[in-house]
Undergrad: 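Got a structure here, written out as structure tokens. Questions coming.
Below, chain A is the first sequence line, B the second, and so on; all start at residue 1. Values in this document were obtained by computation on a predicted structure and should not be read as measured data.
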Amino acid sequence: MDGSAPPGPEAPHQFDPRAQASGEPPASAGAAALEGRRKGLTEPQREAGLHAEGPLLVLAAAGSGKTRVITRRIASLIHRGVPPWSILALTFTNKAAGEMRERVASILLGDHIDASKMHEHRATRGLTVSTFHSLCARLLRRYAAEANIKGLTPEYSIYASADQTAAMKNVLATLGMDTKQWPPRSILATISNAKNELLDADAYAAQANDFYAKKIATIYSAYAAALRTANAIDFEDLLLFTERMLRTNETILSNCRDRWRYLLIDEYQDTNRAQFEIARLLAGDPLATGPNAGPGPGPGPNICVVGDPDQAIYGWRGADITNILDFEQRYPGARTIKLGENFRSTPAILGAADRLIKHNEQRKDKPLFTTRPGGTPLEVTITSDERKEAALVADWLGAARASAEKASQPGGAWKDCAVFYRTNALSRVLEEEFRAAGVPYIMARGTAFYEREEVRNALAYMRVVANQADTVSLLRIVNTPARGLSKATVDALRARANSEGEPLFEIMRRGRESALQPRTLKALDRFIETVDGWTGSGSFMGAGISGSLADLVDRVIRESGLQALYEKRASGSESDSDAERLENLDQLVTSAREFENEYDPTRDPALPGGDEDPFAEDVPPLLELLRAWLESVALVADADKVDPESGAVTLMTLHASKGLEFANVAVVGLEEGVLPHFRGNESEAMLEEERRLAFVGITRAMQRLHLTSAKYRQVRGVTERTIPSRFLEEIGRDDVRFSDQSDDYDTYRDDGYRDDTDQRSPAERSGRGTTITRGWTPGRPLGAPAPIASGGGNAAADSAREAFPPGCRVRHPQFGEGTIESIQAGQLVRAKVKFRTGTKTLVLEYARLRRID
DNA sequence: TAACAATTGGTTTTT
DNA sequence: CCAATTGTTA
């Protein structure tokens, strides 16, 4: 195609010929009318799509065609002559970004264009669709030098969770702090929270009052310093640094503002403080004065945000729902459009979702409605354990497919099916039972591959090639495979690096100064030579020479000795895991090859916009490719791996399901402690977020929905008694087909929701099978008493009284926190505990009581 | 020094 | 149950 970008077949004024002709779409839900309207757009959809200048808030209920509105709006802007490179759309996942880009192109060009060629087309060239994190990563690379952030060069590494932990452990070690008392993960959680609130180490220290906070402040600044020497930034830094860069550097900010005149943000309810500020800086703040002020007279900043407060599920990550709730105050004159009609789900599904979400008190009530007819009632099933639950789901999906096919409805293929769960641990049984039942499935775990030991090793090599200062990666590979550089040697070098404040690799180069054994020195020299061989002593890559990324990765895997290491292990033992490791290394090379084949520098948001073609240079330098590849690897999300054409059932967490839809959906594990998760039981706000999470899962379903709950569930290898989720009760029984398929005779009242205190499994009660003695096994937490002997009487009760004196606070996995009222002796020692929900009598041996005061 | 066995404690969710 | 760390042995 030539450069003149002919208008697509769907010019903006033709988006909805019917609506154009007749004004409001008909309210009746006749099949023909519905069909006609679904092809076009509803009035509010059309309005949002055509909105031109000034701030716009789209409050889009689940399934109301939100993505459609954004894509239409982008297409309509471009069609109206807005240059694509001046549009910036921010999505939640890379996957969503890719899809949006393609959909915009397909609206503009028609569906007949080869999708793989789409991105090359001029019509969308320079259009930026990206996640916040990718955008920030690119901006920081592009402007690293200019912004003059200490120690940050464009080669910087991105530290994701495992790297962060490793870095933190090193920091704690140098500070001489005990990791038992200062758990790296929880310190990191505190620091991330601070970063999400835009508090850097200094700002954090300034507001630290108590002992703990002051201690954290010390660790924070040491951690920040360690990352600087390593030329590394962590996930939260991506946002933090970008915000600071834009706020303090006028030239960079005006560069960005000059380029992006139109800003669109999806899933705005899940943005955190840092993201809010970045958006505000890019769009221009109408309420601010000075350099960050808005665009001056006119309709206001062209910022369009789309979201649904009922689907806010990332509060734990610092997301702040008030960003969307207060949008109209932040951007006066904002136009607000509400998309309330659901086009996705059957009335039964939508009704259940509505009844559930109504239980949230911190919520503006907004009715959910659909004009879709019919559909089957949703199903709720109680099974006896998680294995039966998984088997039931496998069966049900098979049946759902068959009936969809018979009725020639959508949903007749495996790819139309999905299973959601609260935590990843629940996927295991599902996998096993699906395999046994011959149901094809894929798991949306995008990061899993990159978390494998061998892959991480190879990537650590690549990161050192790109960024020799990267201490965490260097420490990982320096003696893997073993090359005679012992822990003692490395520790000594590290201590030196720390005291001199130099990157470890530099100290290693000057190994001669460190009084090492000749043998160790030789090993060290060899290692450095090997690395220098890949980088050409830092010159050939830096000179911008082109080459194949995959070839480089392959070379590194061989010459590092990783290949030989796993080959040796694979031939030595017949464990397939080592053979698998070799395959994974191959796959990594393949992934690098795919990346370089598909790499499109025109998508780099850090490139200047404008009408001149900044993309003339056709082959990107190898180092550039390597950086981009490592970055993409660091920023993959689980949801990125969802493949709608896979021909298999998709298994994923509820979080990952956001934004997707499937004809047939099962949500498993509707149990207290699982969904809602026990960690979410601590406050009303957290409980409401759990409820929204359930709501998100339910509203993914188009045709058929099945919610399941298992009476017993194995957690960490031990069977536990469960209580059905309160969410099931809240959904109620209208339009619900309920069935209790647990072969257990006790406990459930005939409404299906249980209230008893016998926590033994059927096997225990019948005296057969494995004895399950989970939890309060004496001697475990807090120096509990001697074992309760079988038939134990007073002795056991006495020691229990010692461990749980009346009045002490305890936590129960399902009931939450409570207070001990009394301990009763007997064959089985029981405790009377007062919980928020009422007083229960629990068998101490089986209830997992933990003292918490 | 490195590979292996024993022990311990513990992740909810993820860009 | 499992991974990650600590201790033990060739």
Undergrad: Would you check if the side chain of A:Glu690 reaches a backbone N or O of A:His677 as a donor-acceptor pair within less than 3.5 Å?
TA: yes

Undergrad: Indicate, with a heavy-atom threshold strictly under 4.0 Å, whether A:Asp270 touches base, sugar-phosphate, or nothing.
TA: nothing

Undergrad: From the options B:dT1, B:dG10, B:dT14, select the nucleotide whose nearest atom is closest to the side chain of A:Ser486.
TA: B:dT1

Undergrad: Consider ring-ring contact (aromatic ring centres under 6.0 Å, His included). Of A:Trp316, A:Phe420, A:Phe92, which one does A:His655 pass it with?
TA: A:Trp316

Undergrad: Check the distance between C:dA4's C1' and A:Lys180's NZ and give it to me in whole angstrom.
TA: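 In whole Å, C:dA4 C1' lies 11 Å from A:Lys180 NZ.
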
Undergrad: Rounded to whole Å, please give me the gap between CD in A:Glu451 and P in C:dA4.
TA: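 Going from CD in A:Glu451 over to P in C:dA4 covers 10 Å.
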
Undergrad: Answer with base, sugar-phosphate or nothing: what part of the nucleic acid does A:Lys95 contact at a heavy-atom distance below 4.0 Å?
TA: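 Counting heavy atoms under 4.0 Å across all strands, no contact is made by A:Lys95.
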
Undergrad: Can you check the A:Leu654 CG to B:dT14 C1' distance for me, whole Å?
TA: 14 Å

Undergrad: Measure from CZ on A:Phe678 to P on B:dG10 and round the result to the nearest Å.
TA: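 From A:Phe678 CZ to B:dG10 P: 12 Å.
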
Undergrad: What closest approach, in Å, do A:Ala279 and A:Ile265 show between heavy atoms, and which atom pair accounts for it?
TA: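 That would be CB-CD1, 3.6 Å.
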
Undergrad: What's A:Asn424 touching, base or sugar-phosphate or nothing? Going by heavy atoms closer than 4.0 Å.
TA: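 If one applies the 4.0 Å heavy-atom cut-off, A:Asn424 turns out to touch the sugar-phosphate alone, with no base involved.
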
Undergrad: Output the single nucleotide from B:dA2, C:dC1, C:dT5 whose closest atom is nearest the side chain of A:Gln714.
TA: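 The nucleotide sitting nearest to the side chain is C:dC1.
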
Undergrad: With a 4.0 Å limit, can you tell me whether A:Asn272 has a side-chain N or O closer than that to the phosphate oxygens OP1/OP2 of B:dT15?
TA: no

Undergrad: Name the closest nucleotide to the A:Arg428 side chain, picking from C:dT5, C:dC1, C:dC2.
TA: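 It is C:dC2.
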
Undergrad: What is the distance from CZ of A:Arg519 to P of B:dA2, rounded to the nearest Å?
TA: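 To the nearest whole Å, that distance equals 10 Å.
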
Undergrad: In terms of side-chain geometry, is the basic nitrogen of A:Arg363 or A:Glu688 positioned less than 4.0 Å from the acidic oxygen of its partner?
TA: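 A:Glu688 and A:Arg363: not salt-bridged.
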
Undergrad: By nearest heavy atom, map A:Thr91 and A:Glu690 onto DNA chain B; which one lands nearer the 5' end?
TA: A:Glu690

Undergrad: Please name the residue in the list A:Glu386, A:Glu389, A:Glu720 that meets the salt bridge (Lys or Arg N to Asp or Glu O under 4.0 Å) test with A:Arg713.
TA: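 It is A:Glu389, the one option of A:Glu386, A:Glu389, A:Glu720 that forms the salt bridge (Lys or Arg N to Asp or Glu O under 4.0 Å) with A:Arg713.
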
Undergrad: Should the pair A:Lys66-A:Asp308 be classified as a salt bridge under the 4.0 Å nitrogen-to-oxygen rule?
TA: no

Undergrad: For the pair made of CZ in A:Phe276 and C1' in B:dT15, what is the distance, rounded to whole Å?
TA: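 Atom-to-atom, A:Phe276 to B:dT15, this comes out as 20 Å.
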
Undergrad: To the nearest angstrom, how far is A:Arg456 atom CZ from C:dA3 atom P?
TA: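 These atoms are roughly 14 Å apart.
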
Undergrad: Out of B:dT13, B:dG10, B:dA2, which has the shortest distance to the side chain of A:Ala482?
TA: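 The listed nucleotide nearest to A:Ala482's side chain is B:dA2.
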
Undergrad: Quick check on B:dT15: is either OP1 or OP2 less than 4.0 Å from any side-chain nitrogen or oxygen of A:Thr93?
TA: no

Undergrad: What is the distance from CD of A:Glu432 to C1' of C:dC1, rounded to the nearest Å?
TA: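 Distance, rounded to whole Å: 11 Å.
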
Undergrad: Hey, which of these two, A:Arg679 or A:Arg483, hits DNA chain B nearer its 5' end, going by closest nucleotide?
TA: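 Upstream on the strand: A:Arg483.
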
Undergrad: Can A:Trp316 be called stacked on B:dT13 when the rule is centres closer than 5.5 Å and an angle between planes below 30°?
TA: yes

Undergrad: When all nucleic acid strands are considered with a 4.0 Å heavy-atom cut-off, which category describes A:Phe132: base, sugar-phosphate, or nothing?
TA: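 Nothing, no nucleic acid heavy atom in range.
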
Undergrad: Could you work out which one of B:dG10, B:dT15, B:dT13 sits closest to the side chain of A:Glu236?
TA: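 Minimum distance to the A:Glu236 side chain belongs to B:dT15.
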
Undergrad: Describe the nucleic acid contact of A:Arg185 in one word from base, sugar-phosphate, nothing, applying a heavy-atom distance below 4.0 Å.
TA: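 No contact at all - A:Arg185 keeps every heavy atom at 4.0 Å or more from the nucleic acid.
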
